[in-house]
Each structure stands twice: as structure tokens, then as C-alpha cells.
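For reference, the structure discussed in these notes is given below.
One-based numbering along the sequence shown.
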Amino acid sequence: MKKDGPIIVIDDDTDDTELFKEVLSSLVTNEIVLLNDSTIVIDYLLKENCHPFLIISDISMPKRNGFELRDDMLNETQITEKKIPFLYFTSAWNEFTAEEAFKRQINGFFQKPNSIEKLKEVLSDLIDYWKNR
């Protein structure tokens with residue numbers, strides 16, 4: 001994990017990615033990378049010079065959902081060797097999604113907060129945790 005590396009936000013909802021970017025930019029100096037198409041994530045992460053600090057992903061996405069994306073990431077040794085913390089932030093919060101999420105070696109599963117203040121609080125705590133590891 002590279003603590004000064006970019007934070008990657010993967011979500012097909014442009015409003016959500018912009019909200020994450022706004023909040024994260026107020027908390028860190030890390031570059032914030034927004035990926036609205038989950039099918040490009042693997043190629044992005046396989047780049048030799050790509051060493052993210054953190055990945056935040058939605059679950060409900062077209063083409064490749066968050067579970068499929070995480071499964072594909074775990075099958076790529078070049079990605080798993082980078083030891084990037086992986087967090088789900090989703091509106092699809094229920095027992096099934098929680099069970100499925102934790103089958104995939106994730107570092108957190110969160111319901112998307114309904115306010116910018118709550119999102120900032122949650123992200124601040126998570127960033128503090130990972131920066132101090």
C-alpha cells in the first residue's frame with residue numbers, strides 16, 4: 001500500500017463519484033481517480049506505475065458489478081501483490097450483499113451515507129485508519 005498513492009472511486013453514478021471526490025479532496029492531498037466504468041478498472045490497476053492507496057467501489061454497476069470486479073481483481077497476482085485496501089460503499093445494503101461482499105477479501109462494507117457530513121465523517125475515519133497502518 002502506497003499511502004501517498006491515488007484513491008480510486010469506482011461507481012457508475014456520476015453524482016456519487018463527484019460527491020466522493022469533493023469529500024475526499026477536503027480530507028487528503030492524494031490524487032482522486034474516478035472510474036465510472038468497472039470494465040476498465042483491471043487494466044488501470046495492472047499498469048506498472050499504478051500504486052493506489054485505497055479503492056472504493058460500488059456494488060450495483062452495469063457490465064461488471066462490484067462482486068465480479070473484486071473477483072477479477074483477486075485473480076490478478078499483479079494487483080493482489082500491491083496490497084490495496086478495498087472498500088465497498090453501496091446503496092444495495094442488505095444481508096445478501098453483506099455476505100457476498102465479505103466472501104471477497106474486502107476491508108470494509110459500508111452503506112452510502114445520506115448526507116455529505118456523514119460521508120465525510122466515515123471517510124475521515126477510514127483514511128486515518130489506513131494512513132496509520
Side-chain angles (χ1 to χ4, degrees):
M1 167 179 36
K2 188 174 178 191
K3 294 179 183 183
D4 63 346
I7 296 174
I8 299 175
V9 179
I10 307 160
D11 196 323
D12 63 306
D13 186 317
T14 306
D15 291 338
D16 283 351
T17 56
E18 289 299 324
L19 183 61
F20 272 90
K21 181 179 182 178
E22 179 183 332
V23 171
L24 289 166
S25 296
S26 73
L27 297 171
V28 296
T29 58
N30 301 57
E31 176 187 7
I32 312 301
V33 176
L34 307 178
L35 300 176
N36 298 99
D37 182 347
S38 58
T39 63
I40 65 170
V41 174
I42 298 298
D43 288 339
Y44 182 87
L45 293 173
L46 285 172
K47 293 178 186 175
E48 188 175 322
N49 63 345
C50 179
H51 298 284
F53 164 56
L54 190 65
I55 296 174
I56 297 170
S57 178
D58 190 16
I59 293 173
S60 301
M61 296 181 284
K63 300 179 188 175
R64 177 188 281 155
N65 69 40
F67 297 142
E68 295 164 333
L69 173 61
R70 184 63 177 157
D71 291 342
D72 291 345
M73 289 172 64
L74 292 171
N75 287 325
E76 291 287 347
T77 305
Q78 291 177 17
I79 295 173
T80 59
E81 287 176 346
K82 295 180 183 186
K83 298 180 180 29
I84 310 161
F86 185 94
L87 310 169
Y88 282 123
F89 271 79
T90 186
S91 299
W93 179 267
N94 59 49
E95 189 174 318
F96 171 77
T97 54
E99 287 177 19
E100 286 299 308
F102 282 104
K103 290 178 184 176
R104 292 173 165 81
Q105 301 176 23
I106 62 167
N107 303 98
F109 178 75
F110 303 90
Q111 185 170 16
K112 288 180 182 175
N114 56 7
S115 74
I116 195 168
E117 295 81 17
K118 184 65 176 170
L119 180 61
K120 188 171 187 173
E121 178 184 322
V122 171
L123 288 174
S124 177
D125 288 346
L126 289 168
I127 290 167
D128 286 346
Y129 175 80
W130 287 107
K131 289 267 185 181
N132 292 308
R133 301 261 320 144

Check whether [X] and [Y] end up in the same hydrophobic cluster, where Ile, Leu, Val, Met, Phe, Trp and Tyr are linked by side-chain heavy atoms less than 4.5 Å apart.
{"X": "Ile116", "Y": "Ile56", "result": "yes"}
{"X": "Ile79", "Y": "Tyr44", "result": "yes"}
{"X": "Leu123", "Y": "Leu34", "result": "yes"}
{"X": "Tyr88", "Y": "Val9", "result": "no"}
{"X": "Met1", "Y": "Ile32", "result": "yes"}

Can you tell me how far apart [atom1] ([X]) and [atom2] ([Y]) are? Round to the nearest 0.5 Å.
{"X": "Arg64", "Y": "Thr39", "atom1": "CZ", "atom2": "OG1", "result": "6.5 Å"}
{"X": "Glu76", "Y": "Leu46", "atom1": "CD", "atom2": "CG", "result": "5.0 Å"}
{"X": "Asp43", "Y": "Leu35", "atom1": "CG", "atom2": "CG", "result": "11.0 Å"}
{"X": "Ile59", "Y": "Ser91", "atom1": "CD1", "atom2": "OG", "result": "9.5 Å"}
{"X": "Leu126", "Y": "Glu121", "atom1": "CG", "atom2": "CD", "result": "10.5 Å"}
{"X": "Lys3", "Y": "Ile127", "atom1": "NZ", "atom2": "CD1", "result": "13.0 Å"}

Donor-acceptor contact below 3.5 Å, side chain Lys112 vs main chain Leu119: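 No, because the side chain of Lys112 does not come within donor-acceptor range (under 3.5 Å) of the backbone of Leu119.
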
Backbone N/O of Asp11 and side chain of Asn36: donor-acceptor pair under 3.5 Å: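 Such a contact is found between Asn36 side chain and Asp11 backbone.
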
Measure across [X] and [Y] and return the closest heavy-atom pair with its distance rounded to 0.1 Å.
{"X": "Glu68", "Y": "Lys63", "value": "OE1-O, 4.0 Å"}
{"X": "Met61", "Y": "Leu69", "value": "CE-CD2, 4.5 Å"}
{"X": "Cys50", "Y": "Lys82", "value": "O-NZ, 2.6 Å"}
{"X": "Ser60", "Y": "Asp12", "value": "O-OD1, 3.3 Å"}

Pairs under 3.5 angstrom only: tabulate donor-acceptor contacts from the side chains of residues 94-108 to other protein residues two or more places apart or in another chain.
{"residue": "Asn94", "atom": "OD1", "partner": "Phe96", "partner atom": "N", "Å": "3.0"}
{"residue": "Asn94", "atom": "OD1", "partner": "Thr97", "partner atom": "N", "Å": "2.8"}
{"residue": "Asn94", "atom": "OD1", "partner": "Thr97", "partner atom": "OG1", "Å": "3.3"}
{"residue": "Thr97", "atom": "OG1", "partner": "Ala92", "partner atom": "O", "Å": "2.6"}
{"residue": "Thr97", "atom": "OG1", "partner": "Asn94", "partner atom": "N", "Å": "3.0"}
{"residue": "Thr97", "atom": "OG1", "partner": "Asn94", "partner atom": "O", "Å": "3.0"}
{"residue": "Glu100", "atom": "OE1", "partner": "Arg104", "partner atom": "NH1", "Å": "3.1"}
{"residue": "Glu100", "atom": "OE2", "partner": "Lys103", "partner atom": "NZ", "Å": "2.8"}
{"residue": "Arg104", "atom": "NE", "partner": "Phe67", "partner atom": "O", "Å": "3.3"}
{"residue": "Arg104", "atom": "NE", "partner": "Asp71", "partner atom": "OD1", "Å": "2.8"}
{"residue": "Arg104", "atom": "NE", "partner": "Asp71", "partner atom": "OD2", "Å": "3.4"}
{"residue": "Arg104", "atom": "NH1", "partner": "Glu100", "partner atom": "O", "Å": "2.6"}
{"residue": "Arg104", "atom": "NH2", "partner": "Asp71", "partner atom": "OD2", "Å": "3.2"}
{"residue": "Asn107", "atom": "OD1", "partner": "Phe86", "partner atom": "N", "Å": "2.8"}

Side chain to side chain contact (heavy atoms under 4.5 Å, CB included) assessment of Asp72 paired with Val41: CA-CA 10 Å; Asp72 291 345; Val41 174; over 6 Å; no

Are [X] and [Y] close enough that some pair of their side-chain heavy atoms sits under 4.5 Å apart?
{"X": "Asp37", "Y": "Ile10", "value": "no"}
{"X": "Thr80", "Y": "Leu74", "value": "yes"}
{"X": "Lys120", "Y": "Ser26", "value": "yes"}
{"X": "Ile84", "Y": "Phe53", "value": "no"}

ring-ring contact (aromatic ring centres under 6.0 Å, His included): pairs with one or both residues in residues 109-133, sequence neighbours excluded: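 Only Phe89-Phe110, Trp93-Phe109 qualify under ring-ring contact (aromatic ring centres under 6.0 Å, His included).
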
Under 3.5 Å side-chain donor-acceptor pair for Lys131 and Asn30: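 There is such a pair (donor and acceptor under 3.5 Å, judged by atom type) between the side chains of Lys131 and Asn30.
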
